[in-house]
**Student:** 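Sharing a structure here in structure tokens format.
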Amino acid sequence: MRAMWSGAVSFGLVSVPVKAYSATSNHDIRFHQVHAADGGRIRYKRTCSIDGEEVEYADIVKGYETDDGELITLDEEDLDSLPTKSGHEIDVVEFVPADQIDPLLFDKSYYLEPEAKAAKPYALLREALVQTDRMAVVKVALRQRESIALLRVRDKAIVLQTMLWPDEVREPEFDILDAEVELRPQELTMAASLVESLGAEFDPTQFHDEYRDAVVELIERKRTTGETRPAPAAAKAEEGPDSMTDLLSALQASVEAARAASGQPAEPAEEPAEKKPPARKSPRKKDDDEAPRKRRKPA
């Protein structure tokens, strides 16, 4: 794994140098959109909805549309004026009971690895969290934005669990939940009995993504039965004139277009250098300072 952040956990007068690693990964099968006829990749252009013209990255700014239809744009200078955080400290604010944290607030998870010299204070913090059954509420700057997060224990590792801000969690505003529902004692007893009959100790390794497995099997079957074709190479024209040949071709085309526009006849294409007859020299006066040249012998 590759560390995505490094810094230190600070609580009281104790500082624990750590590195953060992403604790999860996405194993979804990713597909490209291709042209069914020839397998070419589908490309998308950034176009303006007003004039339909393609827009370069340099001409794009961020825009916010208000509820009353007003558009506010922010350029790089505006964004640079915003407060950003770039510290490398995980500051513990408080320790709270683990059962007070709603899992709905959980966002992304990162494993914290201690540096060699910090193994003891790391273990001390870990065991203190386990014995007290608490989590540490912390503030940390990730990607130049301050986030609220938790430090919790998973096996022998301390996990940095980023959290959503409270106003990012929606409330279930369903009127039907306020309706009076009559539940008979027999129904409650049967429901509880069903829950007990399906009770088990949770083992996540017993579950797997059947859809992803089926996609992998389908792709492998098509590969082994020969239902494949070479992936087409991108057209060279998309790469732009990055060679001398492309540059000369572009210049030649420009000259021909200019001659055609002015009514002049097109200039015949030049033959390769090795096939061209030697050019005749027009008589001229020899300069005193010109270096002597070697004459060719007649064939």
Side-chain angles (χ1 to χ4, degrees), residues 1-28 82-174 177-178 191-192 195-196 198-209 212:
M1 292 190 293
R2 181 179 179 182
M4 52 77 61
W5 185 90
S6 62
V9 178
S10 297
F11 62 104
L13 299 178
V14 180
S15 181
V16 186
V18 294
K19 293 180 180 179
Y21 301 82
S22 180
T24 60
S25 60
N26 191 328
H27 290 165
D28 284 347
L82 297 176
T84 58
K85 299 287 185 179
S86 59
H88 290 267
E89 294 287 331
I90 300 176
D91 296 318
V92 175
V93 179
E94 58 188 7
F95 294 94
V96 299
D99 58 5
Q100 291 185 2
I101 305 298
D102 186 349
L104 196 62
L105 290 168
F106 288 173
D107 192 12
K108 296 182 179 180
S109 304
Y110 302 91
Y111 288 129
L112 296 184
E113 176 195 30
E115 293 187 3
K117 62 181 180 181
K120 185 173 182 177
Y122 181 94
L124 180 64
L125 174 59
R126 180 189 64 209
E127 296 307 316
L129 292 174
V130 171
Q131 289 185 16
T132 59
D133 193 22
R134 290 179 177 264
M135 296 183 183
V137 178
V138 301
K139 288 186 176 181
V140 59
L142 296 175
R143 298 181 179 88
Q144 296 186 325
R145 291 188 59 183
E146 186 175 68
S147 300
I148 185 173
L150 295 170
L151 296 183
R152 60 186 182 87
V153 177
R154 186 177 190 271
D155 298 329
K156 294 183 178 181
I158 295 177
V159 176
L160 174 68
Q161 182 79 59
T162 61
M163 300 175 65
L164 301 173
W165 296 101
D167 60 357
E168 294 178 317
V169 178
R170 296 175 176 177
E171 293 296 329
E173 298 176 349
F174 307 133
L177 299 180
D178 296 327
V195 170
E196 290 294 336
L198 295 176
E201 296 294 327
F202 179 62
D203 180 6
T205 60
Q206 294 182 352
F207 302 90
H208 61 278
D209 190 341
R212 187 185 68 204

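Source: prediction; values computed, not measured.
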**Student:** Quick one: closest heavy-atom pair of Leu129 and Ala136, and the distance?
**Tutor:**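 Closest approach of Leu129 to Ala136, heavy atoms only: CD2-N, 4.1 Å.
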
**Student:** Can you tell me how far apart CG (Leu125) and CZ (Phe11) are? Round to the nearest 0.5 Å.
**Tutor:**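 Result: 4.5 Å between the selected atoms.
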
**Student:** Got a sec: does the CD of Glu168 have more than 12 other heavy atoms crowding it under 6.0 Å?
**Tutor:**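 Yes - once you tally the heavy atoms of other residues, nucleotides and ligands closer than 6.0 Å, there are more than 12.
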
**Student:** So, Gln100 side chain and Pro97 main chain: donor-acceptor pair closer than 3.5 Å or not?
**Tutor:**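 Checking the backbone N and O of Pro97 against the side chain of Gln100, no donor-acceptor pair under 3.5 Å is found.
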
**Student:** I'd like to know if the side chain of Asp203 reaches the main chain of Thr205, judged simply by a donor and an acceptor atom lying under 3.5 Å from each other, with no hydrogens or angles considered.
**Tutor:**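 It does hold such a pair.
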
**Student:** Looking at every heavy atom in both Ile148 and Leu164, which two are closest together, and how far apart are they?
**Tutor:**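 Closest pair (atom of Ile148, atom of Leu164, distance): CG2-O, 4.3 Å.
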
**Student:** Rounded to the nearest 0.5 Å, how far apart are NZ of Lys19 and CE of Met1?
**Tutor:**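 Those atoms lie 12.0 Å apart.
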
**Student:** Search all heavy atoms of His88 against all heavy atoms of Ser6 and return the closest pair with its distance.
**Tutor:**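 Looks like ND1-O, 2.7 Å.
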
**Student:** Can you give me the closest heavy-atom contact between Tyr110 and Ser22, atom names plus distance?
**Tutor:**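 Answer, listing the atom of Tyr110 first, then Ser22: CD2-CA, 3.7 Å.
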
**Student:** Taking all non-hydrogen atoms of both residues, which atom of Pro17 and which atom of Ser15 are closest, and how far apart?
**Tutor:**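 Between these two residues, the closest heavy atoms are CD-O, 3.6 Å.
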
**Student:** More than 12 heavy atoms of other residues, nucleotides or ligands under 6.0 Å from CZ of Arg212: is that the case?
**Tutor:**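 Check passes, neighbour count above 12.
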
**Student:** Once you round to the nearest 0.5 Å, how far does CD1 of Ile101 lie from CE of Met163?
**Tutor:**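 Interatomic distance, Ile101 CD1 to Met163 CE, rounded to 0.5 Å: 5.0 Å.
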
**Student:** When rounded to the nearest 0.5 angstrom, what is the spacing between CG in Asp99 and CZ in Arg134?
**Tutor:**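 Taking CG in Asp99 and CZ in Arg134, the distance rounds to 9.5 Å.
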
**Student:** Work out which heavy atom in Ser147 is nearest to a heavy atom in Trp165; give both atom names and the distance.
**Tutor:**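 For Ser147 versus Trp165, the nearest heavy atoms are CA-CZ2, 4.1 Å.
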
**Student:** If the test is side-chain contact (heavy atoms from CB on, under 4.5 Å), which one of Val138, Leu142, Ile158 qualifies with Ile90?
**Tutor:**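 Of Val138, Leu142, Ile158, side-chain contact (heavy atoms from CB on, under 4.5 Å) with Ile90 is met by Val138 alone.
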
**Student:** Test side-chain contact (heavy atoms from CB on, under 4.5 Å) on Phe95 and Val137; report intermediate values, then the result.
**Tutor:** CA-CA 6 Å; Phe95 294 94; Val137 178; over 6 Å; no

**Student:** Would you compute the distance between atom CE of Met135 and atom CG of Asp133 and round it to the nearest 0.5 angstrom?
**Tutor:**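 Atom-to-atom, Met135:CE and Asp133:CG are 8.0 Å apart.
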
**Student:** Within the structure provided, determine whether Trp5 and Leu160 are in side-chain contact (heavy-atom separation under 4.5 Å).
**Tutor:**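 No. Closest side-chain heavy atoms not under 4.5 Å.
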
**Student:** Distance-only, no hydrogens or angles: does the Tyr122 side chain make a donor-acceptor pair with backbone N or O of Leu112 under 3.5 Å?
**Tutor:**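 Flag set: sc Tyr122 to bb Leu112 pair under 3.5 Å.
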
**Student:** Any donor and acceptor pair, going by atom type alone, linking the side chain of Arg126 with main-chain N or O of Lys156 inside 3.5 Å?
**Tutor:**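 Flag set: sc Arg126 to bb Lys156 pair under 3.5 Å.
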
**Student:** For Val18, is there any backbone N or O sitting under 3.5 Å from a side-chain donor or acceptor partner on Glu113?
**Tutor:**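 No: the side chain of Glu113 does not pair with the backbone of Val18.
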
**Student:** Using 0.5 Å steps for rounding, measure from the CD atom of Glu146 to the CG atom of Asp91.
**Tutor:**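 Reported to 0.5 Å precision, the distance equals 8.5 Å.
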
